[in-house]
Protein chains: 2
Amino acid sequence: MSLRHALLGLLARNPASGYDLLKIFEISLANVWPATQSQLYAELGRLADAELVTVAAEGPRGRKEYAISDAGLAELHHWLTAVEPRKIVRSDMLLRVFFLGQVDSEQARAYLRRQAEISAEEHEKWEALTEFVAEGEDDLSVFGLLSLEWGLRFSAMQREWAEWAEGEIERSSGTDAPPAAR
Amino acid sequence: MSLRHALLGLLARNPASGYDLLKIFEISLANVWPATQSQLYAELGRLADAELVTVAAEGPRGRKEYAISDAGLAELHHWLTAVEPRKIVRSDMLLRVFFLGQVDSEQARAYLRRQAEISAEEHEKWEALTEFVAEGEDDLSVFGLLSLEWGLRFSAMQREWAEWAEGEIERSSGTDAPPAAR
DNA sequence: ACGGACATGTAATCGGTTACATGATTAC
DNA sequence: GTAATCATGTAACCGATTACATGTCCGT
């Protein structure tokens, strides 16, 4: 139920419409908790039913501006301080590694090289974003920068790991199956 | 559709029953692609319908031993070499970081300390598992060890990040809100 | 006048989780 | 005999994705 809390978190900063929130998801939460338009409007409806948010104002084009309620704030604080984050891993990149024995070692190494490359691109993306965000000095920047740093460290770690893993395969395939020698 | 490929990958090593596969999921794939019993039996049914696997033998207690077909092997190889892994991030741990401005800085720091602690525990778990697995010298060990190493590096990275982030909050809250001075 | 952005909603489908349900065989 | 393990299946529900559907307002 984290989408719910993401919405509460955003509404705790400013009241906003579904449309506004969608934009925020696209630009700043896309990398930690992506959500689609359908999902978002549906969840806002449920939040309003549960009285965790209220429709504070209505504008042109059927615009509904939502605001967080006291109950919503309480729920948000509870989630922030008293609910253990659950770590779901589920990486299909790592799953493939488990079955790399099914292809020849050159293909396996190519796979890991590609992953290193992808992680390097990711890293560059994070670097660009960090420079872009660093200008502002608001709340969003302070805490947003912490997750940006996570992204930087994660992509660096993954690149190094993939390069190391490629070397490991080279080592073990080099000894197990010498290239047509003898 | 990665569960499907996980099953194909396991069956490419040895024929097995749903029950056998479930045990393998619980012990060795739990950390990269967890799956439940219901999901697994349902997917095996679909794989058989699609003729990517066959029922190679039937045993006592209604046991069905599945074997991968040529079409299944082809699908597995295609997935391994030609399908780009998709990176879904979705970390509720990081999502909370975005909203840490909602609680006071001592609570925010406590949150990050707790995450550092959890990552340290994770790291120990991976270390224990590595020693345990390192004995065997089969395929599963070779490639399994690569993902174990990923787990070690990931948990180390996350611990270091959380400790750094706690320091960042201390720094910025220390300057923004001096303790009752003046 | 018209195109683009604003704005909200619904329906179908899918993958995953939890819970329920049942029964056979084996080891003690 | 009986408990543990082996073994398979179904149903309800939930969150997420994709696609469809509709309409309004604003700037040029």
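Every chain is numbered from 1 and lettered A, B, ... according to where its sequence line falls, protein lines coming before strand lines. Worth knowing before you read on, the calculation uses all heavy atoms, side chains too, and leaves out hydrogens, waters and symmetry mates.
- Residue-to-nucleotide contacts include a donor-acceptor pair under 3.5 Å from the side chain of Ser38(B) to the base of dT18(C).
- Of the two residues near DNA chain D, Lys23(B) and Ala42(B), the one whose nearest nucleotide lies more 5' is Lys23(B).
- If you find the closest nucleotide of DNA chain D to Leu3(A) and to Gln37(A), the one lying nearer the 5' end belongs to Leu3(A).
- When all heavy atoms are compared, the tightest approach of Ser2(B) to Asp92(A) is OG-CB, 3.4 Å.
- Atoms CG (Leu44(B)) and P (dG15(C)) sit 15 Å apart, rounded to a whole Å.
- Atom-to-atom, OH of Tyr19(A) to P of dG4(C) comes out at 13 Å; the value is rounded to the nearest Å.
- Between Tyr66(A) atom OH and dA7(C) atom C1' there is a gap of 11 Å when expressed in whole angstrom units.
- As rounded to whole Å, 11 Å separates atom C1' of dC14(C) from atom CD of Gln39(B).
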Audit row: Glu166(A), Arg109(A), salt bridge (Lys or Arg N to Asp or Glu O under 4.0 Å) steps and yes/no: CA-CA 5 Å; Glu166(A) 197 210 325; Arg109(A) 290 174 54 205; 3.3 Å; yes

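- Across all strands shown, Ser17(B) has heavy atoms under 4.0 Å from sugar-phosphate atoms exclusively, and none from any base.
- For the segment residues 51-64 of chain B, residues with any heavy atom less than 4.0 angstrom from an atom of DNA chain D are, sorted by number, Arg61(B), Gly62(B), Arg63(B), Lys64(B).
- Linking Ile, Leu, Val, Met, Phe, Trp and Tyr whenever their side-chain heavy atoms come within less than 4.5 Å leaves Ile118(A) and Tyr111(A) in two separate clusters.
- The separation between Leu22(B) atom CG and dG16(C) atom P is 15 Å, rounded to whole Å.
- Mapped onto DNA chain C by nearest heavy atom, Ser2(B) and Asp20(A) fall at different nucleotides, with Asp20(A) at the one closer to the 5' end.
- Between the side chain of Arg96(B) and the backbone N or O of Val83(A), at least one donor-acceptor pair lies under 3.5 Å.
- A donor-acceptor contact closer than 3.5 angstrom links the side chains of Trp150(B) and Gln158(A).
- Between Leu40(B) atom CG and dG16(C) atom P the separation is 11 Å, expressed in whole Å.
- By the 4.0 Å N-to-carboxylate-O rule, Lys87(B) lies close enough to Glu122(A) to be salt-bridged with it.
- Asp20(A) and Arg63(A) are joined by a salt bridge, as a carboxylate oxygen and a charged side-chain nitrogen come within less than 4.0 angstrom of each other.
- DNA chain C is contacted by Arg90(A) of residues 79-90 of chain A, taking any non-hydrogen atom closer than 4.0 Å.
- In this structure, Lys23(A) fails the cation-pi test against Phe25(A), since its NZ or CZ atom is not both closer than 6.0 Å to the six-membered ring centre and inside 45 degrees of the ring normal.
- Side chains of Trp126(B) and Glu149(B): no donor on one and acceptor on the other come within 3.5 Å.
- Arg46(A) has its CZ atom 15 Å from the C1' atom of dT8(C), to the nearest Å.
- For the pair Arg90(A) (side chain) and Pro34(B) (backbone), a donor-acceptor distance under 3.5 Å is present.
- For the 3.5 Å distance criterion, the side chains of Glu75(B) and His5(B) qualify, holding a donor opposite an acceptor.
- Once you apply a 4.0 Å limit to the heavy atoms of chain A, the touched nucleotides of DNA chain D run 5' to 3' over dG15(D) to dC25(D).
- Screening Leu146(A), Val32(A), Leu10(A) for a side-chain contact (heavy atoms from CB on, under 4.5 Å) with Phe98(B), the sole residue that qualifies is Val32(A).
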